[in-house]
Amino acid sequence: MLIRILGAAAGGGFPQWNCLCRGCETSRSGKATSLTQSSIAIQSQNGDWFLINASPDVRLQIEQMRAQQCFVETSRRSLPFASIVLTDAEIDHTTGLMLLRESSQPLKIYASTSVKRALTTGYPLFSTLQNYCGVEWLPLDLGQSIAIAPDLEMEAFPLSTKPPKYMQGEPGSQEIWGVGLTIRDRYTHGSLTYAPGLATIDEAMQRRFDASDLILIDGTFWTNDELPALGIGSRSALQMGHLPLSGKEGSLAQLAQLKTPHKTLVHINNTNPILIPNSLERQIVESQGIEIGFDGLMFTL
Ligand code: MLT
Ligand code: MN
Ligand code: ZN
């Protein structure tokens, strides 16, 4: 399979329109590479592409793929994705669906029942799209292997119980709102684990990561108090469902124990100093053999 990072930034992108933090200003000055919002795509051996999360930047991301000849297109109007997979119902992972409404076919969307509920009630994108291209919902159940292509099997595993902000009034705190995905190639035996929003790394997850060839993993924040310390938010990284990279309990320390996979960070927030070239934080990450994701980065497994 072929894997492409469409957008390596977290919600807001890099730079974020209303942010004057050091990273955003560095990016505006041209000294740090700008990044679009969180999304990846996978290609099967038969040529079909799958969009995993639909960011508000999906239009630009598709045009970047087209410019790099990622698609073989034969008709005047084509939806370049065989289906779409949503790992959660966050605004930054779903708003791009609205931009795909011109599709001449219904959008086939894999999502959990929780995500489907969110997108038909709190943020009714699915309901709205019914009057445009239509949505064909495909269930994404935990622990079940789904053949999305003859060569590709996808399995969802629980990542986060944090509901999107717009669903926070709902009771039931143990509901799984965010899932990770393991995608295995039956021909090459390559495997990818994608976990853009994780608050803890438990033993089962450690084993899953170590059984993968590539992990694309949450790199949202450097420290737990990153936003409050900058005076631009009240919630900690953990309260937002993101394990920070640094610290004794941080994700870097846990990733250091993994032997097998190539490790690449995605969903990186614009406040994270790892986005600034030559920063100490960036050097720490890279010295541990961990790659900092960027738009257009491709992998073959
Ligand atoms: C997240 O990744 O935690 C969310 O996208 C943040 C948000 O926009 O509420
Ligand atoms: Mn996000
Ligand atoms: Zn910023």
Side-chain angles (χ1 to χ4, degrees), residues 5-40 52-58 61 85-97 111 114-115 118-119 122-123 125 159-170 175-181 194-200 216-245 251 265-277 279 281-282 293 295:
I5 296 182
L6 302 192
F14 182 58
Q16 176 173 314
W17 67 279
N18 62 345
C19 190
L20 303 177
C21 77
R22 186 158 71 98
C24 286
E25 288 291 81
T26 306
S27 166
R28 286 188 190 99
S29 76
K31 296 197 178 105
T33 310
S34 63
L35 301 172
T36 64
Q37 298 171 82
S38 176
S39 176
I40 65 169
I52 306 188
N53 292 323
S55 96
D57 297 319
V58 70
Q61 293 165 344
V85 186
L86 302 176
T87 60
D88 54 54
E90 295 292 340
I91 285 177
D92 60 347
H93 279 162
T94 56
T95 298
L97 295 177
S114 307
V115 167
L119 298 182
Y123 184 38
L125 294 177
L159 264 196
S160 166
T161 54
K162 192 204 67 159
K165 260 183 164 176
Y166 63 81
M167 294 294 279
Q168 267 173 3
E170 291 234 327
E175 185 164 1
I176 302 299
W177 280 104
V179 303
L181 301 171
Y194 174 55
L198 59 79
T200 50
L216 297 178
I217 183 169
D218 187 339
T220 311
F221 296 114
W222 181 253
T223 53
N224 192 38
D225 68 344
E226 189 158 312
L227 295 184
L230 288 166
I232 55 179
S234 54
R235 291 189 302 166
S236 70
L238 286 168
Q239 282 167 346
M240 292 179 71
H242 298 287
L243 184 62
L245 291 164
S251 53
L265 301 179
V266 292
H267 196 279
I268 307 165
N269 199 55
N270 57 74
T271 52
N272 192 330
I274 66 170
L275 292 179
I276 300 172
S279 66
E281 294 86 351
R282 190 175 182 95
D295 295 10

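Quick note: residue numbers are just sequence positions, from 1. Start at 1 and go down the list; that is how both ligands and their atoms are numbered.
Contact of the Q16 side chain with the Q37 side chain is not registered, since no non-hydrogen atoms from C-beta on lie closer than 4.5 Å. Residues V179 and D88 fail the side-chain proximity criterion, which asks for heavy atoms closer than 4.5 Å.
C19 contributes SG and C24 contributes SG; the angle these two atoms make at the Zn ion (ligand 3) is 120°, rounded to 10°. One finds an angle of 120° at the Zn ion (ligand 3) between SG on C21 and OD1 on N270, to the nearest 10 degrees.
Checked by distance only, ligand 1 and R235 stay at 3.5 Å or farther apart across all their nitrogen or oxygen atoms.
The distance from ligand 1 to the heavy atoms of H267 drops below 4.0 Å at these ligand atoms: 2 (O). The contact set between ligand 1 and M240, taken as ligand atoms under 4.0 Å from a residue heavy atom, comprises 3 (O).
Within D92, OD2 is the N, O or S atom that lies nearest to the Mn ion (ligand 2).
No more than 12 heavy-atom neighbours from other residues, nucleotides or ligands sit within 6.0 angstrom of CZ on R22.
Under 4.0 Å from ligand 1, the heavy atoms of K162 that appear belong solely to its side chain.
Distances from the Mn ion (ligand 2) show that H267 has an N/O/S atom below 2.8 Å. Among the backbone and side-chain atoms of Q16, no N/O/S atom is found under 2.8 Å from the Zn ion (ligand 3).
Scanning the protein for heavy atoms near atom 4 (C) of ligand 1, the closest one is E90 OE1, 3.3 Å. For atom 5 (O) of ligand 1, the closest heavy atom belonging to the protein is D92 OD1, 3.0 Å. The shortest contact between atom 1 (C) of ligand 1 and any protein heavy atom is with H242 NE2, 3.2 Å.
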message: Run the side chain to side chain donor-acceptor pair (under 3.5 Å) test on Y194 and N53 for me, step by step, so that the C-alpha distance in whole Å, both residues' side-chain angles and the decisive distance to 0.1 Å come before the verdict.
response: CA-CA 11 Å; Y194 174 55; N53 292 323; 3.2 Å; yes

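To the nearest 0.5 Å, the span separating CD1 on I276 from CD on E281 amounts to 7.5 Å. Rounding to the nearest 0.5 Å gives a distance of 12.5 Å between CH2 of W17 and CG of N270.
Aromatic ring orientation, H267 versus H242: parallel (interplanar angle below 30°, classes split at 30° and 60°).
What you find for I176 and S114 is that their closest heavy atoms are O-OG, 3.5 Å.
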